[in-house]
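FYI, side chains are in, hydrogens and waters are out, and symmetry mates aren't considered; it's all heavy atoms of this structure.
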Amino acid sequence: MKYFKKQQLIKLIIAVFVLVALSEASCHKINTPDIVSGKLIFTFEHSVGENSLQIDTMKYVNAAGNPYLVTGIQYFISDICLHKANGDSILLDKWNDIHYVDTDLPETWDYFLKDSIPQDDYSSVSFTFGINAEKNKSLLFVNPPESNMFWPEYLGGGYHYMKLNGKWRDTSGVIRLFNVHIGIGQIYDSTGHITRFVQNFFKVQLSSSAFSIAAGQSVEITLNMDVNEWFESPEIFNFNVWGGGIMQKQVALHIVCLNGHNVFSVKDIKTLIHE
Amino acid sequence: MKKVIFYISVIELMAIFLASCGGNNKPNPVYKPTPYKIDIPFGFPTKLNIPADNPMTEEGVKLGRYLFYDGRLSGRTDPDSMMSCSTCHIQKNSFEVGINNPRFPGGFPYGITGKPTPHVMLPMINLVWNSNGYLWNGFVSENNPNPNFRNIEDIVRMGVVSDHEMDGDTTRVKQLFQSLPGYPELFFKAFGNETVTFKNIERAIAQFVRTLISANSKFDKYIRGEVQLSQSELQGFVLFTTEQGADCFHCHGGYGNPLFTTNLFYNNGLDSIFTDPADRFGVTGDARDHGAYKAPTLRNIQLTGPYMRDGRFKTLEEVIDFYSSGLIQTPYVNPLMHHINNGGVQLTPQEKYDLISFLKSLRDDDFLTNPKFAKPEKFPDEK
């Protein structure tokens, strides 16, 4: 059922976009006037280690040894970029094409890219986790659910890149609540005043993400977020050290964002052929 | 915007159709309602919750306002037993009963039968932007499998029939309004038919309720660059929107969400046991929702005590003391209340004062006194 609907949607999108040239789209501009193209779809899944994420069950342990559970994850993905073996690349997104994923909202788990993909072989895919500095401005989204991701003006404005909420058990066995919320960080002086902001968005380069696309094809890439990876490498993140909230702790934000480079992996690449 | 244009053309088509069906002998009045335009205030969502079968019109809103204030909506005409929406939803209290209400001591409303409402009031403010569910537990929402509990139209019916509100009968109500001179004509102007139906009563009142928009508090003027906040209000705003401060914004909004609510449901650490069958869990059956209720908007919060769904706090001071150090830890508390690890956000007396100053800057006097939202001077059958 879901597959059928998706197919129809894809057909529609192809019909609308097949003649649209990729005028605004380039990481490094390439000129492709008469392209024959297909479509790209990302599907988001979430796991802890090997097993798919189960919400609200205290059965996970991170690298720091904190037993924990997750109640929900919300985040933004943007600036999808396709790389080629010859070093060329194409930035796919239009300005307004920032994708929101929410573990509570199934309709956000699929991301149909608006741009058409020129027929070609691609060696890898990268994207921005969060929203880049140029776009991450307050009131970019006025409608929920995205607007509920706003990051306070006073703390740098724009939007949370991610809210990862849950609970952990501390060393004395007490259950505590955590919000791993990442976004623009702040540097404070000794009197507690903010002296500058730090853009923490980062680029995720996906390994094993090569694919080919031909005219009229749709490629569906399933991405998996392994929640444990946020706490694991290169630096161990320990809830007992950082506590329940990190929005105003740039050192902790930095650790989480470093670890964020490894949280996504390609789980599957499928080619859907039409007519 | 597109939606609005669509409604307009639907209405025009209806008008043309009806006009062309007009009889040849006597000149029938023409049904040509004027679309009601909602201006989106700065920073507000553009997505409106208006059902496709009830487009807003000037005529519908006008009729809705009469009905909202008319005590005969209870189906009764005896002055002692009349009840209207406005018996409980009073403009000067942001459409709540208010804590100093002579009829409902302490701000605890009850119906015509004397039966108390299951929860205290919610304000009636900016509801056209709520798509996540109405009432404290969000029972009335697009996601309700029962099509009779999906939007404000349905709340009108619930208000008329329920024994803790008007305890009325929809047939009697529509017959009563049919018999009141002036009303059938208003129904024609709004809906193209003089015959009063309960559906059209629901539609008209819901249209009026959707016009109740507040976007002109001191804080709104501040974000539009028109006025400056006091030092204390500014400090309070910083506390409100910082995680290491009072950490209110995740549930109650701020600059990036000027509704001052997410319209979502949370357990915010008020209780140790959960026995209310009408909490969010009662709607979703999701274990995360035990003891969860909608985070109400904080606009006009100064006027809408008593606070929380059971009215347990009389003053904002009590509310802030609760968030500061009175939180109760249970397995159901929402993680966004993570300061519960320390019993609360731990504010100093000065910080509490500043936070309350900020909350008071959300009072919108234009809304509370807007004549368009007030009781009409006369009802249609009054000379």
Tell me, side chain or backbone of [X] under 4.5 Å from chain A's heavy atoms, or both, or neither?
| X | result |
| --- | --- |
| Phe249(B) | both |
| Ile40(B) | neither |
| Leu336(B) | both |
| Phe42(B) | side chain |

Problem - Which atoms of Ile55(A) approach chain B - backbone, side chain, both or neither, heavy atom under 4.5 Å - result: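 Just the side chain, heavy atoms under 4.5 Å.
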Handout entry: Atom group of Ile175(A) that falls short of 4.5 Å from chain B, counting heavy atoms
Key =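 For Ile175(A), the backbone is the part near chain B, not the side chain.
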Enclosure of [X] [atom1] (heavy-atom neighbours >12, cutoff 6.0 Å):
| X | atom1 | answer |
| --- | --- | --- |
| Lys360(B) | NZ | no |
| Phe149(B) | CZ | yes |
| Arg150(B) | CZ | yes |

Practice task
Can you see which heavy atom on Gly253(B) is nearest to which on Phe150(A), and at what distance?
Solution key: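 Scanning both residues, the minimum pair turns out to be C-CZ, 3.5 Å.
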Exercise for the section: Against chain A, work out which of Gly254(B), Cys251(B), Gly256(B) has the most heavy-atom pairs shorter than 4.5 Å and name it. Expected result: Gly256(B)
Problem - Residue selection (most heavy-atom pairs with chain B, distance under 4.5 Å) from Gly158(A), Pro152(A), Gly157(A) - result: Pro152(A)
Practice task
List for me each residue that meets ring-ring contact (aromatic ring centres under 6.0 Å, His included) alongside Phe197(A), sequence neighbours excluded, and say none if there are none.
Solution key: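 Scan of Phe197(A) (ring-ring contact (aromatic ring centres under 6.0 Å, His included), adjacent residues dropped) gives none.
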Less than 3.5 Å apart and able to act as donor and acceptor by atom type: which atom pairs between chain B and chain A qualify?
{"unit_1": "Thr46(B)", "atom_1": "N", "unit_2": "Asn143(A)", "atom_2": "OD1", "d": "2.9"}
{"unit_1": "Thr46(B)", "atom_1": "OG1", "unit_2": "Asn143(A)", "atom_2": "ND2", "d": "2.8"}
{"unit_1": "Lys47(B)", "atom_1": "N", "unit_2": "Asn143(A)", "atom_2": "OD1", "d": "2.9"}
{"unit_1": "Lys47(B)", "atom_1": "NZ", "unit_2": "Pro144(A)", "atom_2": "O", "d": "3.0"}
{"unit_1": "Glu243(B)", "atom_1": "N", "unit_2": "Gln248(A)", "atom_2": "OE1", "d": "3.0"}
{"unit_1": "Glu243(B)", "atom_1": "OE1", "unit_2": "Ile246(A)", "atom_2": "N", "d": "3.2"}
{"unit_1": "Glu243(B)", "atom_1": "OE1", "unit_2": "Met247(A)", "atom_2": "N", "d": "2.8"}
{"unit_1": "Gln244(B)", "atom_1": "N", "unit_2": "Gln248(A)", "atom_2": "OE1", "d": "2.6"}
{"unit_1": "His250(B)", "atom_1": "NE2", "unit_2": "His160(A)", "atom_2": "NE2", "d": "3.1"}
{"unit_1": "His250(B)", "atom_1": "NE2", "unit_2": "His181(A)", "atom_2": "ND1", "d": "3.0"}
{"unit_1": "Arg288(B)", "atom_1": "NH1", "unit_2": "Thr71(A)", "atom_2": "O", "d": "2.7"}
{"unit_1": "Arg288(B)", "atom_1": "NH1", "unit_2": "Asp104(A)", "atom_2": "OD1", "d": "3.2"}
{"unit_1": "Arg288(B)", "atom_1": "NH2", "unit_2": "Asp104(A)", "atom_2": "OD1", "d": "3.1"}
{"unit_1": "Gln329(B)", "atom_1": "NE2", "unit_2": "Ile175(A)", "atom_2": "O", "d": "3.4"}
{"unit_1": "Pro331(B)", "atom_1": "O", "unit_2": "Lys167(A)", "atom_2": "NZ", "d": "2.5"}
{"unit_1": "Pro335(B)", "atom_1": "O", "unit_2": "Asn179(A)", "atom_2": "ND2", "d": "2.9"}
{"unit_1": "Asn341(B)", "atom_1": "O", "unit_2": "Arg176(A)", "atom_2": "NH1", "d": "3.2"}
{"unit_1": "Asn341(B)", "atom_1": "OD1", "unit_2": "Leu177(A)", "atom_2": "N", "d": "3.1"}
{"unit_1": "Asn341(B)", "atom_1": "ND2", "unit_2": "Leu177(A)", "atom_2": "O", "d": "3.2"}

Problem - Leu327(B) side, atom CG; Leu177(A) side, atom CG - distance, nearest 0.5 Å - result: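 These two atoms lie 10.0 Å from each other.
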